[in-house]
Amino acid sequence: MEITEIKDLLNKMNALAEDTESIDSVALMQDPIVLNRLAVELLQQVDRDSKPELVIAPEGIESYFGYSVALAAWMRFLCAHKAEDGSFSLPQGTEVKKNEKAILVLDEYSEEAAKALVSLAEEEGAKVVAVLALNGSGSHADHGCAFHSLL
């Protein structure tokens with residue numbers, strides 16, 4: 001899909017604020033078919049040889065797109081709780097297998113959030129293979145793994 005086609009889909013869903021081009025996560029969830037299409041489009045950018053097994057996304061409305069990515073790829077999904085200091089933690093009783101290959105998904109790319117999620121995943125023993133964002137940044141930090149975004 002071309003960027004203009006993605007923006008057109010998001011505009012039709014009222015999920016893209018024209019002035020800032022930020023994503024409205026709640027509006028995004030109102031059309032699961034389009035959401036799945038966007039998730040598949042983003043997953044196609046991930047190296048197939050990396051064989052990810054787990055998707056981690058921030059909890060709350062930011063988890064909607066991450067959950068759609070997990071569903072589209074038949075992967076396990078975990079929500080990470082964000083603390084006031086910006087760090088993330090997983091719900092009690094959640095288990096990450098040692099060296100489980102993880103994809104981290106954000107609606108809007110944030111260097112701080114991506115760094116905190118990478119830290120969490122690595123502390124839990126996962127191997128991060130990619131950071132994905134629906135709306136990315138022209139420049140992003142090197143998190144030691146691939147970065148992909150649709151916008």
Side-chain angles (χ1 to χ4, degrees), residues 1-48 50-91 94 96 100-121 124 126 128-151:
M1 289 175 88
E2 296 294 322
I3 290 176
T4 54
E5 185 179 4
I6 293 167
K7 284 183 178 183
D8 186 46
L9 283 172
L10 292 171
N11 282 326
K12 285 179 183 173
M13 296 171 64
N14 293 319
L16 185 64
E18 290 182 38
D19 55 338
T20 62
E21 288 196 357
S22 63
I23 302 295
D24 180 341
S25 301
V26 174
L28 193 62
M29 284 302 292
Q30 294 179 30
D31 191 335
I33 294 169
V34 172
L35 191 61
N36 180 267
R37 184 173 176 195
L38 294 172
V40 168
E41 187 71 25
L42 190 53
L43 281 164
Q44 289 177 346
Q45 296 181 28
V46 176
D47 178 16
R48 292 178 191 215
S50 67
K51 298 182 181 174
E53 308 158 284
L54 171 67
V55 172
I56 301 174
E59 71 180 354
I61 61 172
E62 290 185 61
S63 69
Y64 296 170
F65 185 63
Y67 185 69
S68 295
V69 170
L71 280 176
W74 291 79
M75 285 189 266
R76 229 164 50 94
F77 176 75
L78 296 175
C79 283
H81 171 72
K82 188 173 185 176
E84 287 184 22
D85 67 359
S87 66
F88 284 96
S89 63
L90 294 176
T94 301
V96 175
E100 189 169 18
K101 295 176 183 174
I103 290 176
L104 311 177
V105 179
L106 299 164
D107 285 4
E108 300 270 348
Y109 177 77
S110 155
E111 187 174 327
E112 296 79 24
K115 183 177 178 182
L117 282 173
V118 168
S119 258
L120 167 68
E124 293 289 332
V128 179
V129 296
V131 173
L132 306 180
L134 183 55
N135 193 7
S137 170
S139 62
H140 61 277
D142 179 8
H143 299 290
C145 61
F147 171 78
H148 303 286
S149 70
L150 289 181
L151 299 176

If I take atom [atom1] from residue [X] and atom [atom2] from residue [Y], how far apart are they, to the nearest 0.5 angstrom?
X: I56; Y: R76; atom1: CD1; atom2: CZ; answer: 8.5 Å
X: L78; Y: L90; atom1: CG; atom2: CG; answer: 5.5 Å
X: L117; Y: L106; atom1: CG; atom2: CG; answer: 5.5 Å
X: D142; Y: E111; atom1: CG; atom2: CD; answer: 10.5 Å
X: K101; Y: I103; atom1: NZ; atom2: CD1; answer: 11.0 Å
X: L150; Y: I3; atom1: CG; atom2: CD1; answer: 8.5 Å

Taking [Y]'s backbone N and O only, do any of them form a donor-acceptor pair with [X]'s side chain (distance below 3.5 Å, no angle check)?
X: H148; Y: Q45; value: yes
X: S110; Y: A113; value: yes
X: E41; Y: M1; value: yes
X: E59; Y: A80; value: no
X: E108; Y: I23; value: yes

Check whether any side-chain heavy atom of [X] lies under 4.5 Å from a side-chain heavy atom of [Y], and answer yes or no.
X: S25; Y: D107; result: yes
X: D31; Y: L9; result: no
X: S149; Y: F147; result: yes
X: L38; Y: I6; result: yes
X: M75; Y: P52; result: yes
X: L16; Y: L151; result: yes

Residue among L42, V40, V46 satisfying side chain to side chain contact (heavy atoms under 4.5 Å, CB included) with Q44 = V40
Do E2 and T4 meet the criterion of a side-chain donor-acceptor pair at a distance under 3.5 Å?
-> no
For F77, does the CZ atom sit with more than 12 other heavy atoms under 6.0 Å from it, leaving out its own atoms?
-> yes
